[in-house]
S.K.: 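Below you'll find the structure I mean.
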Amino acid sequence: MHEMALMGEIVQLIEQDAQKKKVKCVKKVELVVGTLSNALPDALRFAFDVYKIQEDNCLTTDAELIIHMEQAKAICTICGKEYEPVTKISQCPTCLLPSGKMVAGETFRILAYEGG
Ligand SMILES: [Zn+2]
């Protein structure tokens, strides 16, 4: 389950930023997860719950994780049509060619966090 490693990196990034801002603990984390990002929200939540009960990081034990899903979007490089792909390599509904270029929903990122 690579979400454990992903969440570890997220916690580390937040921790570095929190230190700079002199934030001692983090109570809430908001993530944007693309529907085709390969990160499963349930697995991320599970990983978050594992990290937050550990004492060697900045998360409080009752920290909250909010996940915003981002719909994947592709634009056809031939006709310019924008559509919602179901796989990373997808067929344009107009040209019927695998000409779609992913423009959203392929990644996940930290949207915000709240400290105390
Ligand atoms: Zn097209």
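For ligands, and for the atoms within them, numbers begin at 1 and follow the listed sequence. These numbers were taken from a predicted model, which means no experiment stands behind them.
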S.K.: Is it the case that atom CG in Leu96 sees more than 12 heavy atoms from other parts of the structure closer than 6.0 Å?
M.R.: yes
S.K.: Taking side-chain contact (heavy atoms from CB on, under 4.5 Å) as the criterion, tell me which of Ile14, Val11, Asp49, Ile53 meets it with Leu59.
M.R.: Val11
S.K.: For a quick test of your reading: what N or O donor-acceptor pairs under 3.5 Å do the side chains of residues 100-116 make, sequence neighbours left out?
M.R.:
residue, atom, partner, partner atom, Å
Tyr113, OH, Asp17, OD2, 2.7
Tyr113, OH, Ala18, N, 3.3

S.K.: For the Zn ion (ligand 1), count the protein N, O or S atoms found under 2.8 Å away.
M.R.: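 For the Zn ion (ligand 1), the figure is 4.
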S.K.: Tell me, please, which residues at least two apart from Glu82 pass salt bridge (Lys or Arg N to Asp or Glu O under 4.0 Å).
M.R.: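 Here the qualifying residues are Lys73.
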S.K.: Given the rule that I, L, V, M, F, W and Y join up when any side-chain heavy atoms are under 4.5 Å apart, are Leu13 and Leu6 in one cluster?
M.R.: yes
S.K.: According to side chain to side chain contact (heavy atoms under 4.5 Å, CB included), who are the partners of Asn38, at least two apart in sequence or on a separate chain?
M.R.: His2, Lys88
